[in-house]
Visitor: 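Okay, here's the structure, questions in a sec.
We count ligands from 1, going down the list as the structure has it; atoms in each ligand are counted the same way.
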Amino acid sequence: MSKRSGPGFTLVELLVVISIIALLMAILLPALARAREQGKRSVCLNYQRQLTAAWMMYADDNSDKIVCGDAEEYGDWETSTLLYACPGTDPTNSHCREKPWVLNDWDSTLTLAQKKDKIMNGALFRFVKDIKAYKCPRGNADEVRTYSLPDGMNCKVISGDPTNGVGSGAVLIKNRLQIRKSYERFVFVENGGLLTGTMGGWTVYVTRYAWWDIPSARHGDGTTFSFVDGHAEYHKWLEPTTFADIKKGISSSGNPVHDGNKDIRWASIGAWGSDAAGKGTK
Ligand SMILES: [Zn+2]
């Protein structure tokens, strides 16, 4: 063994120490990232539970009628005659004198402060006055809201022909008592705010195995949902075709059909009580 020339490390010893540190970092960093993600996910779930409790309080105060789930995607609620006409041509599918839960905060021309105002002037804010609760901790800096309600939750049923109408055969939920399986029906969806145009209401097909609004995958391979019974859960996407669509991120009627896709089926049940083949729709 060679004699040491000084108190320091030899080159070999130094290399061993460095490689041990590198190994430890390789082991610890993913665990750290996982822990950070777990923290953000639980904050996100907590926000969704808060919003859902507010959604319930609104119904408690309004003889079981649920809050308008549109975010003024279909026009100014005080002046538009498209969805907000009084009396509406179809009372089961209109919002006569119903103030939306949030106003048009998705408008990309607004400043952050103006977007916040649109939320604070919505019908739900008095039940949950924490502006932070409207946005996932994984949200982007230019977003103030990442949660939406699915179309069926008193937002809009887009009918049309049986195969192409997004909401074909479905019933718009106006009243809490219309909902049968409260444990499987979505209230808030982490829509993700991936595209501002999708923040009006989350659109899922009733009768087609295709995505219209692409789901988000902000938490690992999945995202968070809250339900009519008040619980919120993390949902992991399963199908490779779902991830391919998420990557493309296009909200469109032109999205590919994936017959039997388990994720679309699950989303269709949550959004409509349908199974993406139109069965059991309520
Ligand atoms: Zn989230």
Visitor: Could you check which N/O/S atom of His219 is closest to the Zn ion (ligand 1)?
Guide: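 Of all N, O or S atoms in His219, the Zn ion (ligand 1) lies closest to NE2.
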Visitor: Using only N, O or S atoms, tell me which atom of Glu190 is closest to the Zn ion (ligand 1).
Guide: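 In Glu190, the heteroatom (N, O or S) nearest the Zn ion (ligand 1) is OE2.
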Visitor: Under 4.5 Å between side-chain heavy atoms, chaining through other members, with only Ile, Leu, Val, Met, Phe, Trp and Tyr counted: pull out the rest of the cluster around Met25, sorted by chain and number.
Guide: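 Taking Ile, Leu, Val, Met, Phe, Trp and Tyr as members, Met25 shares its hydrophobic cluster with Val17, Ile21, Leu29, Leu32.
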Visitor: Do side-chain atoms of His219 reach the backbone of His235 as a donor and acceptor pair under 3.5 angstrom?
Guide: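 Looks like no, no N/O pair under 3.5 Å.
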Visitor: Listed by chain and number, what are the side-chain hydrogen bond (donor to acceptor under 3.5 Å, both in side chains) partners of Glu72, not counting sequence neighbours?
Guide: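 Testing Glu72 for side-chain hydrogen bond (donor to acceptor under 3.5 Å, both in side chains), a comparison that skips the adjacent residues, returns none.
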Visitor: How many angstroms lie between atom CG of Leu238 and atom CZ of Arg265, to the nearest 0.5 angstrom?
Guide: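 CZ of Arg265 is found 12.5 Å from CG of Leu238.
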Visitor: Once rounded to 10°, what is the value of the angle centred on the Zn ion (ligand 1) between Cys136 SG and Cys44 SG?
Guide: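 Here the angle at the metal atom is close to 130°, to 10°.
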